[in-house]
Amino acid sequence: METKINFFTLTKNPREIFHRLRWGDQIYCPDCGSIHIYNTAPGQTHICADCDYRFSDTSRTIFHSTKLPLVKWLIAIYLFVTQSKGISSYNLARLIGVSQPTAYRMLSLLRSSINHDLSPTSTAIIDEVYLGADWKKKPAKAKYKKLEDLGWLPKKDPTVKVQGSKYRREVRSKMWMAASLDKIPILGISDYNSRSLILHPYTNTPMNEAIKSQITEHYEEITHWVTDQSNLYAWMENVGLERSICNHSKHLYCAPDGFSSNRIEGVFSHLKRMWRGIYHWFSRKYSQLYLNEFSWRWSTFESPLEDRFESLFTSLC
């Protein structure tokens, strides 16, 4: 009978669980692929009968060169899988007893190992969201400082002591432009009939060009899209794609033909809670790794814990 994966079994039998996760029912030689192996017990040095290659359970994996005990790695994977909105490096460092840079490196390796993609049907929902600083809560002094640093502050009329509404409108428009520089534009595509999800950040490409190239090159099998009233998706009808429009400006989240965009709105709600509540901030450079983590966790939410744990562990080996 296989041991179930939980926090207590990981701390009690880490070698046995690691051995089962690495090899499954049959040990094989990582050098020649032979199944004729001596010393098959967990923790022993295994010997290949065909090529005389000696190896252990951690050979040719990222765990072989690590100085951390296996139990800490297994607990880190367990916490990474079970937390619904992720876990920060500071919390992981406190829980497993390592330094914060070590915990950050462990989480980075886990995120880098995730190879997640969308598994769509013929209908999908698409929308965009912008993650970044909330300018409504920033003081006016900080906003003006941002404009001064960028050199975008409009020149005042020296003949007028109190500037008029024209100057205030220019400042307000420049502030909106400065606020967009601090935000990460993210395109979200979700299958209409399942939890399959993919998120793409676009930091160097205009959003309208990125959306069109992404859809036409990678998702040709999707013929029906559920969108909002944005002009970013107006080109779909010209290329023969069926489109259901939910007019968000009128607070309508259901199209006239019955299709709804509530699933992707729920995705963005959870994404913002992960952003603000767990990580608080992540850079544009590594945004795709964090979004892959979120997409994988969202898409596999209904899968059993053992399956999610084993799939992530297998990607590390």
Side-chain angles (χ1 to χ4, degrees), residues 125-189 199-216 225-239 243 245-253 255 261-262 264-291 294:
I125 314 171
I126 186 170
D127 202 356
E128 72 281 350
V129 68
Y130 298 86
L131 290 184
D134 191 353
W135 272 60
K136 294 181 180 179
K137 298 181 181 179
K138 276 192 174 185
K141 183 182 291 187
K143 296 180 181 179
Y144 277 97
K145 181 66 166 55
K146 181 71 173 180
L147 295 182
E148 291 177 355
D149 295 340
L150 294 172
W152 290 1
L153 193 63
K155 294 182 180 180
K156 295 182 178 181
D157 188 356
T159 61
V160 180
K161 185 175 181 180
V162 179
Q163 302 298 320
S165 59
K166 181 179 179 181
Y167 176 80
R168 290 194 294 270
R169 284 196 300 269
E170 291 181 5
V171 171
R172 195 177 298 112
S173 64
K174 294 292 184 180
M175 284 184 177
W176 278 107
M177 295 174 62
S180 64
L181 296 178
D182 293 338
K183 295 181 179 294
I184 304 175
I186 297 172
L187 177 67
I189 303 176
L199 298 173
H200 295 285
Y202 295 101
T203 57
N204 300 319
T205 308
M207 199 63 165
N208 54 351
E209 298 178 5
I211 292 175
K212 189 172 183 178
S213 62
Q214 187 72 27
I215 292 176
T216 55
W225 293 91
V226 182
T227 72
D228 56 14
Q229 77 285 359
S230 174
N231 293 328
L232 294 173
Y233 315 105
W235 57 271
M236 289 183 174
E237 299 174 354
N238 298 330
V239 296
R243 180 188 177 199
I245 303 175
C246 303
N247 197 338
H248 292 176
S249 62
K250 296 183 179 179
H251 304 285
L252 299 176
Y253 294 89
S261 62
N262 286 339
I264 198 68
E265 299 298 332
V267 168
F268 292 156
S269 175
H270 281 264
L271 178 63
K272 290 178 181 179
R273 275 180 272 177
M274 182 193 78
W275 160 279
R276 296 172 181 171
I278 303 298
Y279 299 119
H280 306 301
W281 180 85
F282 49 76
S283 66
R284 292 169 176 258
K285 181 179 179 180
Y286 300 106
S287 58
Q288 184 66 74
L289 295 179
Y290 287 89
L291 295 178
F294 178 86

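Small disclaimer: the values here were computed from a predicted structure and weren't measured.
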Side-chain donor or acceptor of [X] paired with backbone N/O of [Y] under 3.5 Å:
X: Arg284; Y: Lys183; answer: yes
X: Thr216; Y: Lys212; answer: yes
X: Ser269; Y: Gly266; answer: no

Measure the shortest side-chain to side-chain distance between [X] and [Y] over non-hydrogen atoms and say whether it is less than 4.5 angstrom.
X: Leu271; Y: Leu131; answer: yes
X: Tyr202; Y: Ile211; answer: no
X: His200; Y: Leu291; answer: no
X: Trp225; Y: Ile125; answer: no
X: Leu187; Y: Val129; answer: no

Practice problem: With sequence neighbours excluded, tell me which residues meet ring pair (Phe, Tyr, Trp, His ring centres under 6.0 Å) with Tyr279. | Solution: Tyr290
Practice problem: For Tyr130, enumerate each residue passing the ring pair (Phe, Tyr, Trp, His ring centres under 6.0 Å) test, keeping only those at least two apart in sequence or located in another chain. | Solution: none
Nearest atoms (heavy-atom pairs only) where [X] meets [Y]:
X: Ser287; Y: Ile184; result: CB-CD1, 4.3 Å
X: Ile264; Y: Ile189; result: CD1-N, 4.3 Å
X: Arg243; Y: Ser230; result: NH2-O, 3.3 Å

Does [X] have any side chain to side chain contact (heavy atoms under 4.5 Å, CB included) partners at least two apart in sequence or in another chain, and if so, which?
X: Ser213; result: Glu217
X: Arg276; result: none
X: Lys285; result: Ser283
X: Leu289; result: Arg111, Ser112, Tyr286

With sequence neighbours left out, write down each residue that passes side chain to side chain donor-acceptor pair (under 3.5 Å) with [X], or none if nothing qualifies.
X: Gln229; result: none
X: Lys174; result: none
X: Lys145; result: Asp149
X: His248; result: Ser261

Quiz item: What is the distance from atom SG of Cys246 to atom CD of Glu265, rounded to the nearest 0.5 Å?
Solution: 8.5 Å
Self-check item: Residue list, salt bridge (Lys or Arg N to Asp or Glu O under 4.0 Å) with Lys143, at least two apart or on another chain
Solution: none
Exercise. Please step through side-chain contact (heavy atoms from CB on, under 4.5 Å) for the pair Ile215 and Ile126, ending with a clear verdict.
Key: CA-CA 10 Å; Ile215 292 176; Ile126 186 170; 3.5 Å; yes
All N/O donor-acceptor pairs, side-chain side in residues 231-238, below 3.5 Å, sequence neighbours left out:
unit_1	atom_1	unit_2	atom_2	d
Tyr233	OH	Glu128	OE1	2.3
Trp235	NE1	Leu232	O	2.9

Practice problem: Could you give me the CA-CA distance, side-chain angles and deciding distance for Tyr253 and Asp228, then say whether side-chain contact (heavy atoms from CB on, under 4.5 Å) is met? | Solution: CA-CA 8 Å; Tyr253 294 89; Asp228 56 14; over 6 Å; no
